[in-house]
A.B. asks: 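Below: one structure in structure tokens.
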Amino acid sequence: MLVAFSVSPTTTEAPDGSVSEAVARAVRVVRDSGLPYETTSMFTTIEGEWDACMDVVKRACEAVAEVSPRVALVLKADIRPSWTGQMTAKVERVEARLREAD
């Protein structure tokens with residue numbers, strides 16, 4: 001499965017409102033998990049089995065909760081059993097279609 005998620009504190013003491021310190025804690029959990037992942041400006045996408053992915057999401061939320069009394073989570077999942085490598089393969093299929101149209 002692919003899981004795209006965003007986790008952040010709902011409060012911050014940073015004068016500019018930045019949540020990057022707390023988000024970095026969550027991304028560190030993802031990196032340490034060993035699952036394939038990609039972090040963009042808005043989401044982190046991970047790929048793996050259901051239990052492994054949900055465990056990472058939970059631990060990422062817990063990491064943010066260590067610095068904030070309230071945590072926001074947005075999650076989207078593509079559940080496709082027996083498929084792997086889809087984090088890049090899905091993009092490659094779209095790029096191939098775009099090349100066909102050119």
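Numbering starts at 1 and runs along the sequence shown.
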A.B. asks: Group every Ile, Leu, Val, Met, Phe, Trp and Tyr by side-chain heavy-atom contacts under 4.5 Å, then state whether Ile79 and Leu2 land in the same group.
C.D. replies: no

A.B. asks: With sequence neighbours left out, what residues match Ser20 under side-chain hydrogen bond (donor to acceptor under 3.5 Å, both in side chains)?
C.D. replies: Ser18

A.B. asks: According to side-chain contact (heavy atoms from CB on, under 4.5 Å), who are the partners of Ser41, at least two apart in sequence or on a separate chain?
C.D. replies: none

A.B. asks: Partners of Glu66 by side-chain hydrogen bond (donor to acceptor under 3.5 Å, both in side chains), sequence neighbours excluded?
C.D. replies: Arg25

A.B. asks: Excluding sequence neighbours, so at least two apart, what forms side-chain contact (heavy atoms from CB on, under 4.5 Å) with Glu38?
C.D. replies: Thr40, Met87

A.B. asks: With sequence neighbours excluded, tell me which residues meet side-chain contact (heavy atoms from CB on, under 4.5 Å) with Ala72.
C.D. replies: Ser8, Thr10

A.B. asks: Hey, any chance Val74 and Val71 share a hydrophobic cluster, counting ILVMFWY side chains that come within less than 4.5 Å of each other, even indirectly?
C.D. replies: no

A.B. asks: Residues two or more places apart in sequence or in another chain: which of them pass side-chain hydrogen bond (donor to acceptor under 3.5 Å, both in side chains) with Thr44?
C.D. replies: Thr39

A.B. asks: Take a 6.0 Å sphere around CD of Glu21 and say whether it holds more than 12 heavy atoms from other residues, nucleotides or ligands.
C.D. replies: no

A.B. asks: Residues two or more places apart in sequence or in another chain: which of them pass side-chain contact (heavy atoms from CB on, under 4.5 Å) with Arg97?
C.D. replies: Glu100

A.B. asks: Can you name the nearest heavy-atom pair linking Leu35 to Gly48, along with the distance?
C.D. replies: CD2-CA, 4.3 Å

A.B. asks: If Ile, Leu, Val, Met, Phe, Trp and Tyr residues are connected whenever their side-chain heavy atoms lie under 4.5 Å apart, and connections chain through other members, are Val7 and Val67 in the same group?
C.D. replies: no

A.B. asks: Provide the closest heavy-atom pair for Pro9 versus Val64 in the form atom of the first, atom of the second, distance.
C.D. replies: N-CG1, 3.5 Å

A.B. asks: Can you list every pair that meets side chain to side chain donor-acceptor pair (under 3.5 Å) and has a residue in residues 80-92, with sequence neighbours left out?
C.D. replies: Asp78-Lys90, Gln86-Arg93

A.B. asks: Which pairs would a plain distance check flag for residues 50-59, meaning a side-chain donor or acceptor within less than 3.5 Å of a matching protein atom at least two apart in sequence or in another chain?
C.D. replies:
unit_1 : atom_1 : unit_2 : atom_2 : d
Asp55  : OD2    : Arg59  : NE     : 2.8
Asp55  : OD2    : Arg59  : NH2    : 3.3

A.B. asks: Taking Phe43 as the starting point, is it possible to reach Ile46 by hopping between hydrophobic residues whose side chains are less than 4.5 Å apart?
C.D. replies: no

A.B. asks: Going by side-chain heavy atoms closer than 4.5 Å, which hydrophobic residues are tied to Val19, directly or by a chain of links?
C.D. replies: Val23, Val27

